[in-house]
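Below you'll find the structure, written out as structure tokens, and then a few comments.
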Amino acid sequence: MEKIFEKLNDEQSNAVRQTEGPVLILAGAGSGKTTTIISRLAYLIQEVGIPASNTLTLTFTNKAAKEMRERALDMMPEISYPPLLCTFHKFGLLFLKFNIHLLGRKNNFVVIDTDDKKRIIKKINNELPTPLIASEISRYKNSLLTPNDAYKQSELFNYQQIAKVYEEYETYLNENNLVDFDDLIALTYKLLDENPELAKTTSQKYQYIMIDEYQDTNELQLKLLQKLCATHTNLCVVGDDDQSIYGWRGAHIRNIMEFDQDFAGTSVFKLQNNYRSREPILKVANALIEHNRSRLGKTLLPTRGGGEAVVTLNSQDENEEARKIATKINKLMDSGVGAQDIAILYRVNVLSRSIEDGLNRAGIGYKLVGGQRFYDRAEIKDLISYIRVITNYHDDFSFKRIINKPKRGLGKASVDKIELAAHAAQKSIFEFIKSSTIASLEALVRKKNTKTIRQFIKDIEEVSKIAKESTYEFIDALEDTFHLKDIYKGQVDEQDRVLNMDEFYALFRDFIKNSPESGLDEFLNELTLQSEQDQVEGESIYMMSIHASKGLEFKHLFIIGLEEGFLPLVGDGSDLEEERRLGYVAFTRAKDTLTLSHVGSRFYKGRRSDLEKSRFFNEAGLCQGSLKVEKNTAFKKGDLVRHKIFGTGRIIGVSKSSKDFKLKINFAGTKKDILASFIEKL
DNA sequence: ATGATAACAGTTTTT
DNA sequence: CTGTTATCAT
């Protein structure tokens with residue numbers, strides 16, 4: 001049974017063996033964090049003998065949860081009852097399913113996503129910017145402020161308005177039995193806070209708690225953890241203060257910095273052996289992050305010595321940058337490197353554009369990771385809304401989304417009228433239409449539309465009947481009856497959307513096959529919490545934002561846009577230390593080679609602007625020698641230059657020699673090849 | 001009700 | 001430059 005420790009180093013083993021009391025595991029990038037957390041779980045269950053049902057392991061993303069679950073089950077193949085290992089939000093969902101009745105609500109609530117949230121807000125108030133209101137409401141909920149609290153503490157009129165919208169929003173959610181993402185945690189906390197007995201039994205159930213990526217937790221999540229630890233202090237958190245890059249989203253870096261103050265008697269373990277990156281890469285990453293003042297202090301120690309020096313790439317503009325990177329990638333692939341081992345990272349998504357062009361021209365396949373998520377796509381949300389209405393006729397929220405999709409001649413005005421009338425009759429919209437006479441409907445919408453709308457109701461009932469008999473036939477019936485693929489007919493992106501819909505139908509069939517006993521409504525709430533599962537396509541390199549790259553690793557890594565203004569990105573609310581952590585996260589994704597690229601100017605927001613090389617080069621100790629390169633690449637075709645012997649001439653070509661640039665220069669009719677270091681620009 | 005055009009803004013993103 | 005939203009004709 002010493003098997004668990006076979007693959008662990010001393011510090012990791014010590015962290016695994018410390019099962020009692022608060023534990024803080026500071027896990028540097030590439031230090032075997034997941035291995036440690038999973039080993040600790042296996043140790044608790046198999047060695048210490050804690051029942052799996054008495055443990056709780058929380059992550060932030062479904063992806064992390066899935067990976068951990070798979071690895072945990074690999075480690076404990078004979079386990080009969082798997083431990084609860086899920087995201088914070090999934091935990092909240094499960095908890096609310098069992099306990100939300102204590103708040104006087106029914107447990108058949110629907111989880112809405114950010115898009116739905118904004119639609120609701122927009123309807124309540126369209127004067128103030130919706131995203132602002134949405135983020136403020138989120139902030140209030142995460143600070144446990146009621147609409148009333150929020151109103152009282154706002155001084156500006158606009159913020160008083162926002163507090164009022166918050167109040168109406170809450171009423172709307174309650175009336176329609178909806179729950180937003182923040183509620184999944186906030187209501188869970190509220191229940192535990194208001195019901196000490198429930199807090200006690202819950203805490204007793206989860207005797208051993210582990211949290212992944214602790215540096216990403218916010219104030220409310222900490223409070224929730226404190227409730228879960230009401231009867232014990234067996235809380236083990238794993239994280240890295242140097243990789244805290246979600247401060248702008250409310251993550252509280254203080255949670256990890258001051259964990260030992262929140263939980264007395266904490267044992268601290270530092271995992272500093274890095275098993276991922278070659279020595280020169282770690283040196284650069286360590287040097288950079290050392291410039292941060294607010295950090296606990298760790299240094300990554302290389303276990304993979306040797307390796308190539310970190311390369312600085314300087315280009316005139318983004319097009320040259322793209323060309324150079326494409327050339328380098330082609331060389332790598334020619335030498336036998338697989339495309340999936342190469343990635344390009346950037347701080348802002350727009351920077352992918354020029355690189356995409358360059359890769360396309362060079363015939364290099366790429367895969368953009370991130371961007372719009374599958375389940376957030378309008379066409380997918382349409383399908384989900386259809387399924388929601390078919391499972392629950394009274395889901396007005398979803399019904400309104402689909403009532404005019406495909407077009408049934410009902411615009412905003414008509415829908416508003418119907419909704420108002422239904423409200424007055426104390427009926428759901430579906431019920432109202434069904435029970436209304438043709439005459440009373442004609443008073444609300446155009447005559448010719450009364451027929452289509454009544455048919456729509458009948459169709460829903462018909463498909464719903466089929467759904468009850470066979471979920472399989474239901475999928476075909478859905479498309480055959482409503483012709484959902486026609487919604488986007490004639491639009492430029494019709495093909496993409498139809499493809500996505502087919503993908504969804506396939507996923508749906510798959511779900512039914514895998515869990516035939518679970519109901520459609522279960523499927524629906526799960527879906528809202530699910531993010532896109534990136535499917536790896538064969539021969540393509542990866543491109544993504546630095547944020548999206550966290551937790552991943554690539555043999556050959558290019559980071560573009562290392563310029564002042566892009567990395568570090570400056571603007572209101574920007575935090576240089578967090579920018580530096582972003583640089584650190586980015587650098588430490590590289591296993592074998594790292595290339596850092598910066599340009600002299602970029603076309604951005606409709607105009608070209610000159611850019612300074614990022615200060616991070618200096619801070620990472622990457623400046624010696626780079627000065628020469630920088631000066632020399634300033635040469636371009638057509639420039640007027642001078643040579644000590646040959647005199648004045650014009651550049652007719654620029655190429656790269658081993659250490660310098662080779663310029664082809666026309667000196668009054670005589671063409672010569674000369675190294676750039678002997679040339680002076682005029 | 002719907003499609004066309006003007007005005008505008010413009011990190012990072014999971015659940 | 002791009003994508004989104006507000007407003008205006010039809």
Side-chain angles (χ1 to χ4, degrees), chain A residues 58-65 86-93 111-118 122 126-127 129-131 134-135 138 141-142 179-186 188 213 216-218 220-221 244-251 318 345-354 357 369-373 375-376 378 404 407-416 445-446 448-449 490-493 525-532 544-551 561 565-575 578-579 581-583 585-586 602-609:
Chain A
L58 297 180
T59 65
F60 277 88
T61 64
N62 289 303
K63 200 177 156 211
C86 63
T87 64
F88 267 95
H89 295 264
K90 178 73 189 293
F91 175 74
L93 175 66
V111 181
I112 58 165
D113 67 17
T114 323
D115 233 57
D116 301 329
K117 177 180 175 182
K118 287 184 178 158
K122 199 168 190 136
N126 200 11
E127 277 169 44
T130 308
S135 72
S138 192
K141 287 195 179 187
N142 279 291
V179 157
D180 68 17
F181 285 137
D182 297 319
D183 287 335
L184 289 173
I185 316 243
T188 298
E213 305 279 15
D216 290 340
T217 52
N218 66 22
L220 177 60
Q221 283 154 342
S244 164
I245 56 173
Y246 286 105
W248 53 275
R249 202 168 75 184
E318 69 277 11
L345 306 184
Y346 31 79
R347 173 67 228 271
V348 278
N349 284 310
V350 280
L351 296 194
S352 72
R353 267 256 139 95
S354 53
D357 288 346
V369 179
Q372 227 212 347
R373 279 152 65 240
Y375 293 108
D376 282 349
N404 201 31
K407 295 216 156 64
R408 296 187 182 89
L410 300 186
K412 195 177 166 303
S414 302
V415 176
D416 281 353
V445 300
R446 287 183 202 177
K448 64 170 185 177
N449 292 332
Q491 296 191 13
V492 276
D493 50 5
N525 270 346
E526 291 281 315
L527 220 56
T528 312
L529 294 182
Q530 213 86 58
S531 67
E532 178 173 11
M544 69 193 85
S545 70
I546 296 172
H547 282 90
S549 77
K550 200 172 83 162
F566 281 102
L567 185 63
L569 187 70
V570 284
D572 50 296
S574 63
D575 170 358
E578 185 150 316
E579 295 300 311
R581 291 192 290 269
L582 271 160
V585 166
R602 273 185 202 285
F603 197 77
Y604 180 63
K605 286 191 187 173
R607 59 169 198 202
R608 181 159 294 284
S609 23

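Lettering of chains follows the sequences in order, A, B, ..., and the numbering in each one begins at 1.
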Report yes if a side-chain nitrogen or oxygen of A/Asn349 is closer than 4.0 Å to either non-bridging phosphate oxygen (OP1 or OP2) of B/dT12; otherwise report no.
yes

Charged N to carboxylate O under 4.0 angstrom, A/Glu579 versus A/Arg347?
yes

5'-most by nearest nucleotide on DNA chain B - A/Phe181 or A/Leu569:
A/Leu569

Nearest whole Å is fine: how far is B/dT13 C1' from A/Lys117 NZ?
13 Å

Expressed in angstrom and rounded to an integer, what is the separation of A/Arg347 atom CZ from B/dG10 atom P?
15 Å

Scan A/Phe88 against the nucleic acid and name what it touches under 4.0 Å (heavy atoms): base, sugar-phosphate only, or nothing.
nothing

What nucleic acid atoms does A/Ser414 come within less than 4.0 Å of, heavy atoms only: base, sugar-phosphate, or nothing?
sugar-phosphate

Separation of A/Phe566 atom CZ from B/dT12 atom C1', in whole Å?
13 Å

Pick the closest DNA chain B nucleotide for A/Val415 and for A/Leu582 by heavy atoms, then say which residue is nearer the 5' end.
A/Val415

So, does A/Asp180 use its side chain to make a donor-acceptor pair with the main chain of A/Val111 at under 3.5 Å?
no

Between the base of B/dT15 and the side chain of A/Thr114, is there a donor and acceptor pair under 3.5 angstrom?
yes

Given atom CG of A/Leu58 and atom C1' of B/dT14, what is their separation to the nearest angstrom?
15 Å

Parallel, tilted or perpendicular for A/His547 and A/Tyr246, by the 30°/60° rule?
tilted

Distance between P atoms of C/dT4 and B/dT13 (Å, rounded)
16 Å

Pi stacking test for A/Tyr246 and B/dT14: under 5.5 Å apart, planes under 30°:
no

Can you see if the side chain of A/Ser545 gets near the phosphate of B/dT13 - specifically, an N or O under 4.0 Å from OP1 or OP2?
yes

Assign A/Asp113 to base, sugar-phosphate, or nothing according to its heavy-atom contacts below 4.0 angstrom with the strands shown.
nothing

When rounded to whole Å, the NE2 to P distance for the pair A/His547 and B/dT13 reads 7 Å

Could you check whether any side-chain N or O of A/Asp113 sits under 3.5 Å from a backbone N or O of A/Thr528, counting only pairs where one atom can act as donor and the other as acceptor?
no

Of all the nucleotides listed (B/dT2, B/dT15, B/dT11), which has the minimum atom distance to the side chain of A/Tyr604?
B/dT11

Using whole Å, report how far OH of A/Tyr346 lies from P of B/dG10.
21 Å

Are side-chain heavy atoms of A/Ser574 and A/Leu569 found at a separation under 4.5 Å?
no

A/Val585 backbone acceptor or donor facing A/Lys550 side chain under 3.5 Å
no

May I have the distance from A/Lys605 (atom NZ) to B/dC8 (atom C1'), rounded to whole angstrom?
12 Å

Got a donor-acceptor contact below 3.5 angstrom from the A/His89 side chain to the A/Leu184 backbone?
no

With a non-hydrogen cut-off below 4.0 angstrom, is A/Gly571 in contact with a base, only sugar-phosphate, or nothing?
nothing

Tell me what A/Lys122 touches on the nucleic acid: a base, only sugar-phosphate, or nothing, going by heavy atoms under 4.0 Å.
sugar-phosphate

Mind checking if A/Asn126 touches a base, just sugar-phosphate, or nothing, with heavy atoms under 4.0 Å?
sugar-phosphate

Provide the start and end nucleotides, 5' to 3', of the part of DNA chain C that has atoms under 4.0 Å from heavy atoms of chain A.
C/dC1 to C/dA6

Picking from B/dT14, B/dT15, B/dG3, which would you name as closest to the side chain of A/Lys407?
B/dG3

Which whole-number value in Å describes the distance from A/Arg353 CZ to B/dG10 P?
18 Å

Is a side-chain N or O of A/Glu578 found less than 3.5 angstrom from the main chain of A/Gly247, in a donor-acceptor match?
yes

